[in-house]
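Just below is one structure, and these are the notes that go with it.
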Number of protein chains: 2
Amino acid sequence: MPTIYDVAKLSGLSKTTVSRVINNHSYVSEEKKNLVLKAMKELNYTPNPSARKLRGQVTTTIGVIVPRIVNPFFSYLVDSIEQVAYKNGYHVLIFQSNEDKEKELVFLNLLKTKQVDGIIMTSIENDWSIIEPFTESGPILLCNEYVNNANVPIVRLDQYKGAYIGVKHLLEKGHRKIGYCTGGLFAEEGKDKDRNQGYQKALQEAGIEPDPKWIFVNQHSIEDGKQVVKKILSMEDRPTAIFTGSDEIAGGMMIEAKECGLKIPNDLAIIGFDDQPLAQMLDPKLTTIRQPIDQMGIKAMETLIDMLNDSEVKVETFELPIELVVRSST
Amino acid sequence: MPTIYDVAKLSGLSKTTVSRVINNHSYVSEEKKNLVLKAMKELNYTPNPSARKLRGQVTTTIGVIVPRIVNPFFSYLVDSIEQVAYKNGYHVLIFQSNEDKEKELVFLNLLKTKQVDGIIMTSIENDWSIIEPFTESGPILLCNEYVNNANVPIVRLDQYKGAYIGVKHLLEKGHRKIGYCTGGLFAEEGKDKDRNQGYQKALQEAGIEPDPKWIFVNQHSIEDGKQVVKKILSMEDRPTAIFTGSDEIAGGMMIEAKECGLKIPNDLAIIGFDDQPLAQMLDPKLTTIRQPIDQMGIKAMETLIDMLNDSEVKVETFELPIELVVRSST
DNA sequence: TTGTATGCGTTATCAT
DNA sequence: ATGATAACGCATACAA
């Protein structure tokens, strides 16, 4: 590996001058500049990022923490973040937390040690009180998941409205017995809190009391979806429609429903969440909630870049719209 | 940010001793060791990776280059690589090349500059002659995609057999007019070369000459799948079965086929590739080729770790088996 | 068993 | 306009 010193030697100049050329500083004559450029090319020289980082410079690297990259929601989110980042000369390090608190902290530490300039968190495992101190080491932005007491910019979707319009849609279709799947718990705080409220609000407006036995918590996978249908079938009093937390769960439910001879949407209406590619491939095509994932990623990365360039960026929350896509499963 | 020096000061010892404790060296008395540990904890100290890298130590970071992370094949591959890596104390940097030569080189450069200890390439954009020099800077392993003249370990799937058994299956079902979709070109070399040969071989054994008009190149997306069906429908002489390059294309074909009133598998048999979750959610459920993605990722990462620990690892090619999953689309 | 001194590659400060 | 030098945080050769 050639170093800046090798370039200096070859071009017959000093390290300083070479450094000036690299960083586009002024006061370098055109002549010497070309000399340096030539030497750099000849040696196939690349500055050592570790050294630059150590020296306290920008790393032009940002980190994105996701729970699991195999979840299409997050892979698409990362993709859009990465596009914007690359255009602006940033690298993206992708970290999978696997919903593990320890791992999340390991990643946040990279901010402290100047491995990354900033971090976008798309999920939150630790208490905010634990995460908060890291904001002193560099900008942190919350994207998708959020906490109320965080003093950092937040880019998120209007999950409340997502659930609200979904359930509303089911009500308009004449359903009164509407079940609900959530990836979290059915609680006031924590994961999916906003969706929970949207669901309740819609029902409440229709004068309906949510039935606890139709509420399924901690649902994530295709397999979970299958189980939900089994559970429903074993009930005396069954829901006629289900609002799910993801297209995957909806897909799993469809598999099992067909297996059991249940007609969709007649016997059971299903509404998904995400509008993943598979939503239009399911049969019947899935009614679902579309989230502008790309826009969210773009807005998040752009905001982070603003924070990087100007430390006095206003702490704002951006709430992106969410929409209902009506297909044939409802 | 506390440094090793701060820890030394607080514990009343020297930087050296602290360093010894950090790196678990011998010849440190239990007493002083505890002193150091206590100071580290108190200061919430984390060693600065940039400094360590600069000093020439291991980075405990490896890079994985993928074309696009939103492609489930690659997100699952990355996931399994990451699991193994994390267990062995390695971080994984995920790089999206977007099939861009320049970007690929940017990433390979991280090896030269000691940003990563090694690299797993799951795709190859540049000529091998361009990539080859980078092997001097650290171990490179080819996973999934490969080139014949590469002098590095390769972990890949038996794509030839994948296509062969798929087409064979269609032949056994009585099909004689078998179309083919590929993500690359239908060529001797380059992307999907092995699959191409498997397809041809199976046909040839049945005494059938591939019909060029039923061969669709550069097919990737759901949309591509839809187009394929449209093209087929416009033909006088239509294929009765299609071997596709991915479950997504197969899914796209199914959407369009239903749209056009084509019955699957009666009017058109479809076979996918990958056995993604969606394969079992399609209706009819998709016959497809299952690839042991997890195993491939595990084997790749384990091999890379071997290379990292012992520079004299034998250069081998590991070919993993691939299997046919018969469902209802054929 | 512990400490001192040096250098990794880079950039910023201060001379010239 | 250019160069010498210090400093970033760490790990190691060498000394004690």
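Reminder, nothing fancy here: chain letters follow the sequence lines and each chain counts from 1. Not measured: the values here are computed from a predicted model. When reading the values below, keep in mind they use all heavy atoms of this one structure, side chains included, and skip hydrogens, waters and symmetry mates.
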Quiz item: Just how far, in rounded Å, is P of dG9(C) from NZ of Lys9(A)?
Solution: 12 Å
Quiz item: Within this structure, what is the CG-to-C1' distance between Leu54(A) and dT11(C), rounded to whole angstrom?
Solution: 11 Å
Quiz item: Does anything in residues 39-47 of chain B reach DNA chain C, meaning a heavy atom under 4.0 Å, and if so which residues?
Solution: none
Quiz item: Does anything in residues 79-95 of chain A pair up under salt bridge (charged side-chain N to carboxylate O under 4.0 Å, His left out), and if so which pairs, sequence neighbours excluded?
Solution: Asp79(A)-Arg68(B), Glu82(A)-Lys103(B)
Quiz item: Which salt bridge (charged side-chain N to carboxylate O under 4.0 Å, His left out) pairs, counting each pair once, include a residue from residues 30-43 of chain B, with sequence neighbours left out?
Solution: none
Quiz item: Separation of Asn23(B) atom CG from dT12(D) atom P, in whole Å?
Solution: 6 Å
Practice problem: For Asn109(A), check side-chain hydrogen bond (donor to acceptor under 3.5 Å, both in side chains) against everything at least two apart and list the hits. | Solution: Thr46(B)
Quiz item: What nucleic acid atoms does Ser19(B) come within less than 4.0 Å of, heavy atoms only: base, sugar-phosphate, or nothing?
Solution: base
Exercise. Could you pick out which residue, Ala51(B) or Ser29(B), lies toward the 5' side of DNA chain C when each is mapped onto its nearest nucleotide?
Key: Ser29(B)
Practice problem: Can you sort out the partners of Gln159(A) under side-chain hydrogen bond (donor to acceptor under 3.5 Å, both in side chains), two or more places apart, ordered by chain and number? | Solution: Arg195(A), Gln291(A)
Quiz item: Rounded to whole angstroms, how far apart are CZ on Arg55(B) and P on dC8(C)?
Solution: 9 Å
Quiz item: In whole angstroms, how far is the P atom of dC10(D) from the OH atom of Tyr5(B)?
Solution: 13 Å
Self-check item: Value in whole Å for how far the P atom of dA13(D) lies from NE2 of His25(B)
Solution: 9 Å
Quiz item: Are any non-hydrogen side-chain atoms of Leu141(B) and Thr303(B) less than 4.5 angstrom apart?
Solution: yes
Pairs of donor and acceptor atoms involving the side chains of residues 7-16 of chain B, under 3.5 Å and at least two apart or interchain, shall be tabulated with distances.
unit_1, atom_1, unit_2, atom_2, d
Ser11(B), OG, Val7(B), O, 2.8
Ser11(B), OG, Ala8(B), O, 3.2
Ser14(B), OG, Thr16(B), N, 3.4
Ser14(B), OG, Thr17(B), N, 3.3
Ser14(B), OG, Thr17(B), OG1, 3.3

Exercise. May I have the distance from Leu35(A) (atom CG) to dA1(D) (atom P), rounded to whole angstrom?
Key: 17 Å
Quiz item: Which value, rounded to the nearest 0.5 Å, describes the distance between Asp100(B) atom CG and Phe107(B) atom CZ?
Solution: 8.5 Å
Self-check item: Sequence-distant partners of Asp194(A), salt bridge (Lys or Arg N to Asp or Glu O under 4.0 Å), two or more places apart
Solution: Arg156(A)
Quiz item: What is the distance from CD1 of Ile4(A) to P of dA4(D), rounded to the nearest Å?
Solution: 13 Å
Tell me which donor-acceptor pairs under 3.5 Å the side chains of residues 120-136 of chain A have, and how far apart each pair is, sequence neighbours excluded?
unit_1, atom_1, unit_2, atom_2, d
Thr122(A), OG1, Ile65(A), O, 2.7
Asn126(A), ND2, Lys101(A), O, 3.1
Asn126(A), ND2, Glu104(A), OE1, 2.8
Thr135(A), OG1, Glu132(A), O, 2.6

Please produce a list of atom pairs where a protein N or O lies less than 3.5 Å from an N or O of nucleotides 3-5 of chain C.
unit_1, atom_1, unit_2, atom_2, d
dG3(C), OP2, Ser14(B), N, 3.1
dG3(C), OP2, Ser14(B), OG, 3.1
dG3(C), OP2, Thr17(B), OG1, 2.6
dG3(C), O6, Arg20(B), NH2, 2.7
dT4(C), O4, Thr16(B), OG1, 2.6

Quiz item: Does Asn48(A) have a side-chain nitrogen or oxygen under 4.0 Å from the phosphate oxygens OP1 or OP2 of dT10(C)?
Solution: no
Quiz item: Could you state the interatomic distance from OG (Ser50(B)) to CG (Asn48(A)), rounded to the nearest 0.5 Å?
Solution: 9.0 Å
Quiz prompt | Contacts of type salt bridge (Lys or Arg N to Asp or Glu O under 4.0 Å), residue Glu99(A), not counting sequence neighbours | solution = Lys191(A)
Quiz item: Does Arg52(A) make a side-chain N or O approach to OP1 or OP2 of dT11(C) shorter than 4.0 Å?
Solution: yes
Practice problem: Report the end-to-end axis angle of the helix from dT1(C)-dA16(D) to dT16(C)-dA1(D); each axis comes from five terminal pairs, and the value is rounded to 10°. | Solution: 40°
Self-check item: side-chain contact (heavy atoms from CB on, under 4.5 Å) partners of Asn88(B), counting only residues at least two apart
Solution: Val84(B), Tyr90(B), Ile305(B)
